[in-house]
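Reviewing the structure listed below.
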Amino acid sequence: MKSNLVITHTVSRQHNSLFRYYHTNAAAKAYFTEKLQTCKNLISATTTHSNVLKSGLSNDTFTTNGLINCYVRFLRINHAHKLFDEMPQPNVVSWTSLMAGYVNCGRPVTALWLFHQMQGTLVLPNEFTFSTLINACSILASIDMGRRIHGLVEVMGFGSNLVVCSSLIDMYGKCNHVDEARIVFDSMYVRNVVSWTSMITTYAQNAQGHCALQLFREFTQLRLEKPNHFMLCSVISACASLGSLGSGKVTHGIVIRLWHDTNDVVATALVDMYAKCGCVHYSDKVFRRIPNPSVIPYTSMIVGAAKYGLGTLSLQLFQEMIDRRIKPNDVTFVGVLHACSHSGLIDKGLELFNSMNGKYGVMPDTKHYTCIADMLGRVGRVEEAYQLAKSVHVERDGYSMLWGTLLAASRLHGRVDIALEASRQLIESNQQVAGAYVTLSNAYALAGDWENAHQLRSEMKRTGIHKEPGSSWIEIKDSTYVFHAGDVSKCSQANEILSLLKELGHRMKERGYVGGTAGLVFVDVEEEAKEEIVSLHSEKFALAFGLINMPGGVTIRIMKNLRMCRDCHESFKLISDIVGRDFVVRDVNRFHHFKNGSCTCGDFW
DNA sequence: CTAGGGTTAG
């Protein structure tokens, strides 16, 4: 009886102290968790860290996870990893936090390696782990690893998790496997604005703008959720890639109605879209509404102006951002070099190129060499461009751009020798092979060497190398007119176009355009009799047709080798006259709705 | 602790 009481007493005391122990620790844990989640800088993080050590909670998994996440937030991945290594019992949260930390630090391979380590433990991954890993694959564009992890996802029963599926769609999209992304999307029972965005983005980034817009339409028709700024960015980007001003304006209307027009990223997408749709004036309007544009909006505007032939504007913007102490990046330099190249500012371009690294701390790479090669080649300094291309070290994926540029320049200026060398470089590295054959053949033909020109074409046929014909398109009202390079005859408006091109050619000559004098030769092996020589100026406009977009709803984009961009407006008037159509885009009614009927197309600012 | 957006070039 007595002993029983004693035991009860002891148990109760133990229980009591256990409770108190647990209670104080729970309070401490809660305190540290709160502190770590809200700490604003590294100093307060390290202070809390030392307090954790003093409190004796350093072996506590939950508290240490908080510390790891805190260090990860301040990109101190080494601190986080050290803490992780000292943990007696890391759980799935510890592992996942560290992996996510590595992904955020730009080291996705280490994240995948950690997962490999984790598989040697008893800790099982959860949906958070898989999302993080799929994100790592997405950054690496590693389809093999992505598929393997997708397999694990299915095996472990996370195949219907909304977040995991969204990451999978994104991963397949970034790996350019649009069909697999769509399979995941279609397999989902529940979707949200994020999963829809992932699928729309996949289409937009894989040159399937129409599918992106179609899916966006479906999403809006469901009326479940409002599109957010992420989705709208992708949609605008799809419009840009299609050169679809009408859809772009409609989307801009949605942006305004949903109050997303103050988002800088959306504004940047709009700047790009209007520039690609030929309305650089609108780009400028949107750009000037961004309060403190960062390097990306600036670059977007610089590139937009450059494409439009407004080289001086590009350079002004560049100077402006330098004055505002915004550091240009590699893309910015592509933009300004492009601008110089397309506005004949060769000396300025070379000067900028030479001062890139020293003055602005941007290391020139293949993109910039290609710009310079293009700049030199364009004005006939093909030999210099060739020497440059030979002398620089180029990583494999930039190879085709550099030598492709050189090939085009040497063909344009009749340097068959360099064209031959450039083609050899492309063919040997197994890049742009078909294009190289065609251009080289054209170079021979241009030089009057029909024998070699035809021989190459025959060889292509024999070896089964097929070149997809280049195409471009123009949107007029609700119709899209597609043009294939060198194949004006198949177009229903062939006569209109040819007379237009002739007219434009005259105009260019009148304005003192000095280009090569040789004509373009289309060698058609199947119908050799159909060889056709069109004047060089006309060729350029033929290629330009559909590749530059004009103000007023006409979508014509100008090719990079056209230096008469100032004539765009002139050309536009001409097209109006000749084609005799109304070019006003009609599909902007929603703007009227938004602005109480006072807004007309193009002045919704 | 986890997902989703924009800029070059061809």
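Just so it is clear: chains get the letters A, B, ... in the order the sequence lines come, proteins before strands, and each one is counted from 1. All values reported here derive from a predicted model rather than from experimental measurement.
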Select one nucleotide: of [options], the one nearest the side-chain heavy atoms of [X].
X        : options             : value
A:Ser300 : B:dT7, B:dG6, B:dA3 : B:dT7
A:Thr299 : B:dG4, B:dC1, B:dT7 : B:dT7
A:Ser166 : B:dG4, B:dA3, B:dT7 : B:dA3
A:Val331 : B:dA3, B:dT7, B:dC1 : B:dT7
A:Ser97  : B:dG5, B:dT2, B:dC1 : B:dC1
A:Val334 : B:dT2, B:dG6, B:dT8 : B:dT8
A:Thr96  : B:dG5, B:dC1, B:dA3 : B:dC1
A:Asn69  : B:dT2, B:dG4, B:dC1 : B:dC1

Practice task
May I ask you to check whether over 12 heavy atoms, not counting those of A:Gln89, lie within 6.0 Å of atom CD?
Solution key: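 Not buried by this count: 12 neighbours or fewer within 6.0 Å.
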Is the shortest side-chain N/O distance from [X] to OP1 or OP2 of [N] below 4.0 Å?
X        : N     : result
A:Lys174 : B:dA3 : no
A:Lys307 : B:dA9 : yes
A:Asn135 : B:dG4 : yes

Looking at every strand, decide which applies to [X] at a 4.0 Å heavy-atom threshold: base, sugar-phosphate, or nothing.
X        : answer
A:Val303 : sugar-phosphate
A:Asn65  : nothing
A:Asn192 : base
A:Val72  : nothing

Taking the inter-plane angle between the rings of [X] and [Y] on a 0 to 90° scale, is it parallel (under 30°), tilted (30 to 60°) or perpendicular (over 60°)?
X        : Y        : answer
A:His229 : A:His260 : tilted
A:Tyr71  : A:His49  : perpendicular
A:His81  : A:Trp113 : tilted

Taking [atom1] from [X] and [atom2] from [N], how many angstroms apart are they, rounded to a whole number?
X        : N      : atom1 : atom2 : value
A:His368 : B:dT8  : NE2   : C1'   : 8 Å
A:Ile139 : B:dT2  : CD1   : C1'   : 13 Å
A:Ile134 : B:dT2  : CD1   : P     : 15 Å
A:Asp170 : B:dG5  : CG    : P     : 5 Å
A:Leu402 : B:dA9  : CG    : C1'   : 12 Å
A:Trp196 : B:dG5  : CH2   : P     : 17 Å
A:Asn206 : B:dG10 : CG    : P     : 19 Å
A:Phe62  : B:dC1  : CZ    : C1'   : 10 Å

Exercise for the section: Verify the stacking flag for A:Phe128 against B:dC1: centroid separation must be under 5.5 angstrom and the ring planes must differ by under 30 degrees. Expected result: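 A:Phe128 ring centre within cut-off of B:dC1 base, planes near parallel; stacks.
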Handout entry: Near-parallel close stack of A:Phe230 and B:dG5 base (under 5.5 Å, under 30°)
Key =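 Answer is no, no stack.
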Practice task
Run the salt-bridge test on A:Glu320 and A:Arg288 with the 4.0 Å N-O cut-off and return the result as yes or no.
Solution key: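 Salt bridge flag = yes for A:Arg288 with A:Glu320.
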Practice task
Would you state whether a donor and an acceptor, one from the side chain of A:Asn263 and one from the base of B:dG5, lie under 3.5 Å apart?
Solution key: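 Yes.
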Exercise for the section: Output the distance between atom OG (A:Ser131) and atom CG (A:Asn126), rounded to the nearest 0.5 Å. Expected result: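 Reported value, rounded in 0.5 Å steps: 8.5 Å.
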